[in-house]
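What follows is a set of notes on a single structure, which appears directly below.
Chain letters run A, B, ... following the sequence lines, proteins first and then strands; every chain starts at 1. Bear in mind that the values here come from a model prediction, so they are computed numbers and not experimental data. Both backbone and side-chain heavy atoms feed into the values below; hydrogens, waters and symmetry mates do not.
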Amino acid sequence: MSGSEDVIGFKPVVVVVGPTAVGKSRLAVRLAKRLQTEVLAADSRQVYRGMDIGTDKPTPEERAGVPHRLIDLVDPDETFNAGMYRRAALPEIERLHGEGRLPLVVGGTGLYVRTLLRGLCEGPKADPMFRAQLEEEARRRGPEALHRELTRVDPESAARLHPHDRVKVVRALEVYHLLGRPLSSIHQSHGFGERPFTPLLIGLTREREALYRRIEERVDAQLARGLVDEVRGLLTKGYDRRLSSLKGLGYRQIAAYLDGDCGYAEAVRLLKRDTRRFAKRQLTWFRKEPGILWLSLAEDESEERIVDKVMTMIEQFLAGLGRQAQVDTLSGRTVAAGVTAG
RNA sequence: GCCGAGGUAGCUCAGUUGGCAGAGCACAGCCCUGAAAAGGCUGGUGUCGACAGUUCGAUUCUGUCCCUCGGCA
């Protein structure tokens, strides 16, 4: 079933979010089978080709019969970012709608999910040369110098950003440099106000302790599957540790070990710790994202039962859309594509 | 049983010549508009082993007891 064809005027999208290792990917495969649709990843790391174990991509077996999109889009030394993700994802969603299927977005990259559901402001694309220049300046004169510069051209952004937050200070300066307009004014007029779809947002969570245990187990499993060899292979191919792709969890810590910065046990400890911290940051992000229906998973809960629960939520969601469409037709209003559901 | 060392945060430990208890790690809370698994900010969570004594005031000094680790029996 898909059901999206009976809700004329709406563009429904089901989105499953949650912290790393909560169990999103496995659930996604089962859900996609039941919905006869495809999995659209919202994951800033799985876009890199050749980075499979460390990003915990679904295995070929898991992907058999269930197409996965928005994975393996670029090589590790290519730039990728939220804007590129959005440009790649929107056509996939449109295509599925055209085929009468319900798009299923699954991922833990909060910003990517947000760019789909609420848009991305019309800022200029990243300019690597200019960024490198600013980075050099930060090294020479300290990060505070960049922040002082920002205070001159965009006092609002400067007030919002901590002087040490180099990445975001550089982006704000870049926007002003390319556009002659402060980033803050662009944000203000955008405000994440777009509503291109009618989403059902499902957040998966677990008790903190259980989640942390799953993270440790998953890291151990990744190591058993050959994470060290995967990282070594990337370094041998000439990919630099400073690449954004290799600064991700797993790659950063194992590359440090391979370069002799620390011992193996220490690298594993740090990887587990950093992954726990990451999961915590994800929870902070999603907690304040509006409209998420939270589903707390019990440790002994079977995958079949979880799928049933989520399917019930999806059916109710679609039924609600049907009623809403009827009401709107009766009252003679034009149904705008993008009525808020949350 | 005797002798010695110790008991302070979740862990390892520092410290108070008697005056609101502090480091690292661990952890918790938060920010985020083309780097987002990135980047950044904030926070000490405590019956100082227990009971009694001295004192205006004891985690600190004294006594008794309990526990841990060594050594000797």
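- Shown here for A/Leu271 and A/Gly250, the closest heavy-atom pair between the two residues is CD1-N, 3.2 Å.
- Ionic pairing of A/Lys168 and A/Glu174 is not present here: no N-O contact between side-chain nitrogen and carboxylate oxygen is shorter than 4.0 angstrom.
- Listed here is the closest heavy atom pair of A/Asp52 and A/Tyr251: N-OH, 3.7 Å.
- Considering only the side chain of A/Arg273, B/rC27 comes nearest among B/rC31, B/rC27, B/rG29.
- Nucleotide B/rC30 forms a Watson-Crick or G-U wobble pair with B/rG40, both donor-acceptor distances falling under 3.5 Å.
- Nearest heavy-atom pair, A/Pro58 versus A/Ile71, reported as atom, atom and distance to 0.1 Å: CD-CD1, 4.2 Å.
- B/rG10 and B/rC65 are spaced 28 Å apart, taking the C1' atom of each and rounding to whole Å.
- On the P atoms, B/rU64 is 23 Å away from B/rC69, given to the nearest whole Å.
- A/Lys280 comes within 4.0 angstrom of a nucleotide base, judged by non-hydrogen atoms across all strands.
- Taking atom P on both nucleotides, B/rU16 is separated from B/rG22 by 13 Å, rounded to a whole Å.
- Comparing B/rA58 with B/rA50, their P atoms sit 14 Å apart, to the nearest whole Å.
- Rounded to whole Å, the separation between the P atoms of B/rC67 and B/rG53 comes to 24 Å.
- For B/rU59, there is no paired base (Watson-Crick or G-U wobble, both distances below 3.5 Å).
- The number of heavy atoms from other shown groups lying within 6.0 Å of CD (A/Glu122) does not exceed 12.
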**Message:** Strictly under 4.0 angstrom, non-hydrogen atoms only: write out the protein contact profile of nucleotides 33-40 of chain B, one letter per nucleotide from the 5' end, B, S or -.
**Reply:** BBBBBBBB

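- With a cut-off of 3.5 Å on both pairing distances, the Watson-Crick or G-U wobble partner of B/rU12 is B/rA23.
- Hydrophobic cluster membership differs between A/Leu161 and A/Leu111, with clusters built from Ile, Leu, Val, Met, Phe, Trp and Tyr side chains linked at under 4.5 angstrom.
- For the P atoms, the distance linking B/rU8 with B/rC13 amounts to 9 Å, nearest Å.
- Heavy atoms of other residues, nucleotides or ligands lying less than 6.0 angstrom from CD of A/Glu304 number more than 12.
- Rounded to whole Å, the C1' atom of B/rC25 lies 34 Å from the corresponding atom of B/rC61.
- When the P atom of B/rC30 is taken as reference, atom CG of A/Leu283 falls 10 Å away, rounded to whole Å.
- Base pairing analysis places B/rA35 opposite nothing; no Watson-Crick or G-U wobble pair with both distances below 3.5 Å involves it.
- Applying the 90° cutoff around 0 to the glycosidic angle, B/rG34 is assigned syn.
- Look at CZ on A/Arg269: it is 17 Å from P on B/rC11, rounded to the nearest Å.
- Summarising the base pairing, B/rG1 is matched to B/rC72 through a Watson-Crick or G-U wobble pair whose two defining distances lie under 3.5 Å.
- Separating the C1' atom of B/rU68 from that of B/rG57 is a span of 32 Å, rounded to the nearest Å.
- With sequence neighbours left out, A/Lys309 forms a salt bridge (Lys or Arg N to Asp or Glu O under 4.0 Å) with A/Glu301.
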